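One structure below.
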Amino acid sequence: MSKHVLEFEQPIAELEAKINELRMVGDDSEINLQEEIARLKTKCETLSESIFANLTPWQITQLARHPARPHTAEYIEAIFTEFDELHGDRHYSNASAIMGGIARLDGQPVMVIGHEKGRKTKEKIYRNFGMARPEGYRKALRLMEMAEKFKMPIVTFIDTPGAYPGIGAEERNQSEAIARNLFVMSNLKVPIICTVIGEGGSGGALAIGVGDYVMMLQYSVYSVISPEGCASILWKSADKAAEAAQAMGVHAERILELGLIDEIIPEPRGGAHRDLPLVVERLQQALIKNLIQLKEMPMDRLLEKRYQRLMNIGVQHD
Amino acid sequence: MSWFKKLLPAGISTKTKKKGVPEGLWTKCEQCQAVLYQTELVRHFNVCPKCQYHHRLSARQRLQSVLDADQQMEIAADLQAIDWLKFKDSKKYKDRLVSAMKVTQEQEALVVIAGRLIGTPVVAASFNFAFMGGSMGSVVGEKFVQAVNLCLEQHIPLICFSASGGARMQEGLFSLMQMAKTSAALARLAQQGIPFISVLTDPTMGGVSASLAMLGDIIIAEPEALIGFAGPRVIEQTVREQLPEGFQRSEFLLEHGHIDMICQRKDLRDTLARLLAKLTQQLSRTTVVSDDANE
């Protein structure tokens, strides 16, 4: 069990602690506590079932940002083989908030690109908390164009609070870096599968998010602006983030309902960090299955489908 | 009529003049605070004759300031926003739309007109900052794409004048996706070798800046326009230092190599015509006196 407990998980954690306590007592006393433990276990099960069945969009946002939540690096490690990381945008820096490289998926060469937030403090700083500067997007672009050149499908993992809002980032044209990726990805002549694994934060997420098939993990979020940002602009207070998350509909279930993604990968109750192998298995299967289908499609049809998918967004069909 | 009255412009009658100053006759420059004669300001395309400050133009004022007066046809004028999310903050999105329409007399934040620019056929799109901060929702994206489609159909250039705070939060992820939608359409335009000139005006930020606005074959900015991805306040809070002077202004962008040129508003029409004629392999076009051409 993870040591990070979110606010809404507190009642579950308390019950679990109590059960553990009873177990310890039960071990060295003659009183039989098995019945009581079993009763509490059932109660705990019911409680966590009801809590996780009714998560609010804001609670899901917290899960998507959970400190123990698996990151791109872990998924790459577990889903692919022979990952060779490639670095640098060839102009300015490596921009480690985005990582990418060539790997094999089920034996087939693919280009993998994803935001990486970093786990420990030092690594978080190195990764800039997953907030890419322009070089990150330009590195991603370089790798995606390479993928096109060598006919490798592209797999992206989205997990970022957003593009980095800094002086240097603006000086090196953050806007153009994002825009260019959208422009190029819309017409890259290889299949592209994108998966939101945690936070899909605005333009910084979309910059590696244009593809033929878009998936979200069950407890991931995707939004035009962070709930806090939206709340502070429209509600004039960042404290209203929960309302903003609800109003924008940031969670996977809602986004699927709105027709903006293709599939949700179910997570174990409590989130991906509770059972990484299970999520890896499901994600891997979904990637393999969809890549096979996309690879079968003639290229002009694939590109036309990708284009029409975008053109249909926000248009009412009678 | 006395000789003196003949000197006065038509329509101004000394007889009916009431006490006090009629509303809207005089105005103050937002920058230098100079008191300006409204007619004079309009004649200068809303540029302060004293300090050259470029006041914001509405989408229609903008388009009329560059397009030839005849042969104009508006595209997708009736498209209205859909409240996909039934969005409500302190106010309902629907109500915000209604009041934006009332204030601007427009249906949405983008106006698209197919017309001519000193004879050259073009499609011109222009953002209306007064309509919910020129924010890009589904209708703005769709109108922009229809503008691109017309360019593709008729093989004519596209010009876009941006003035926007970014994506429209009230349409959630639909808005974000308009960035991809408009950029994809521009990729098609590029494949056909059709020019796209992007004119950045004050302000061009966020999702609009990080999509269509930065994808021009040629990018022009008006003087001192605020242009960038993240807002200055957000950056200040993140980096916790004072932003350099002139940060995210047109001149800063020119210096850093993000835009091709800065153009005074009075020269914009001629500049666009000159560039387009060359990009489309036409003979040189010159305007008569620009004032007359824009009446």
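What you see below is based on every heavy atom in this structure, not just the backbone, and it leaves out hydrogens, waters and symmetry mates. Small disclaimer: the values here were computed from a predicted structure and weren't measured.
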Checking heavy atoms, do the side chain of A/Leu234, its backbone, both or neither come under 4.5 Å from chain B? both
Can you tell which part of A/Ile255 gets under 4.5 Å to a heavy atom of chain B, answering side chain, backbone, both or neither? side chain
Closest-packed option against chain A by number of heavy-atom pairs under 4.5 Å, given B/Leu215, B/Leu253, B/Val234, B/Val239: B/Leu215
Determine whether more than 12 heavy atoms belonging to other residues, nucleotides or ligands lie under 6.0 Å from atom CG of B/Asp95. yes
Ring pair (Phe, Tyr, Trp, His ring centres under 6.0 Å): pairs with one or both residues in residues 171-218 of chain B, sequence neighbours excluded: B/Trp84-B/Phe174
Residues in residues 174-193 of chain A that sit under 4.5 Å from chain B, counting heavy atoms only: A/Gln174, A/Ser175, A/Glu176, A/Ile178, A/Ala179, A/Arg180, A/Leu182, A/Phe183, A/Ser186, A/Asn187
Within 6.0 Å of NZ in B/Lys91, more than 12 heavy atoms from elsewhere: yes
So, for A/Val224 and B/Ser175, which heavy atoms are closest and what is the spacing to 0.1 Å? CG2-CB, 4.2 Å
I'd like to check the side chain to side chain donor-acceptor pair (under 3.5 Å) partners of A/Asn290; sequence neighbours left out, ordered by chain and number. none
Closest approach of B/Thr238 to A/Pro165 (non-hydrogen atoms, all atoms of both residues): OG1-CG, 3.5 Å
Shorter than 4.5 Å, heavy atoms on both sides: which option in B/Val145, B/Leu186, B/Thr182 has the most such pairs with chain A? B/Leu186
Is the shortest side-chain heavy-atom distance between A/Ile167 and B/Pro244 below 4.5 Å? yes
Approximate separation, where rounding is to 0.5 Å, of B/Phe229 CZ and A/Ser202 OG: 5.0 Å
What distance separates A/Leu260 CG from B/Leu173 CG, expressed to the nearest 0.5 Å? 5.0 Å
So what's closer than 4.5 Å to chain B heavy atoms on A/Ser223: side chain, backbone, both or neither? backbone
From A/Cys230 SG over to B/Gln170 CD, what is the distance, rounded to the nearest 0.5 angstrom? 7.5 Å
Verify side chain to side chain contact (heavy atoms under 4.5 Å, CB included) between A/Ile233 and B/Met169, making sure each step is shown before the conclusion. CA-CA 10 Å; A/Ile233 296 172; B/Met169 287 172 284; 3.6 Å; yes
Within 6.0 Å of CD in A/Glu228, more than 12 heavy atoms from elsewhere: yes
Sort by residue number and list every residue of residues 237-247 of chain A having at least one heavy atom under 4.5 Å from chain B. A/Ala247
So that I can tick it off, tell me whether B/Arg249 and A/Glu170 are bridged by a salt bridge, with the cut-off set at under 4.0 angstrom between side-chain N and carboxylate O. no
With chain A, which of B/Ala185, B/Ala167, B/Gly207 has the greatest number of heavy-atom pairs at distances under 4.5 Å? B/Ala185
Max heavy-atom pairs within cutoff under 4.5 Å with chain A, candidates B/Lys181, B/Glu241, B/Met214, B/Glu142, goes to B/Lys181
Can a donor-acceptor pair be found, under 3.5 Å and without considering hydrogens, that links the side chain of B/Gln178 to the backbone of A/Ile313? yes
Would you give the length of the straight line joining atom CD1 of A/Ile225 to atom CZ of B/Arg168, rounded to the nearest 0.5 angstrom? 14.5 Å
Which bit of B/Ala190 comes within less than 4.5 Å of chain A, counting heavy atoms only: side chain, backbone, both or neither? side chain
Which atoms of B/Tyr93 approach chain A - backbone, side chain, both or neither, heavy atom under 4.5 Å: neither
When the 4.5 angstrom heavy-atom criterion is applied to B/Glu255 and chain A, the contacting part is neither
Looking at CD of B/Glu171 and CG of A/Leu258, how far apart are the two atoms once the value is rounded to the nearest 0.5 Å? 11.5 Å
Counting heavy-atom pairs under 4.5 angstrom with chain A, the leader among B/His256, B/Gln248, B/Lys88, B/Arg188 is B/Arg188
So with a 6.0 Å cut-off around CD of B/Gln191, is the heavy-atom count from everything else above 12? yes
Interatomic spacing from CG in A/Leu310 to CE in B/Met177 - rounded to 0.5 Å: 8.5 Å
Is chain A contacted by the side chain of B/Leu85, its backbone, both, or neither, given a heavy-atom distance below 4.5 Å? both
For A/Val210 and B/Ala180, which heavy atoms make the closest approach, and how far apart are they? CG2-CB, 3.9 Å
Scored by heavy-atom pairs under 4.5 Å with chain B, the best of A/Tyr307, A/Tyr164, A/Trp235 is A/Tyr307
Residue B/Gln237 versus chain A: region with a heavy atom under 4.5 Å: neither
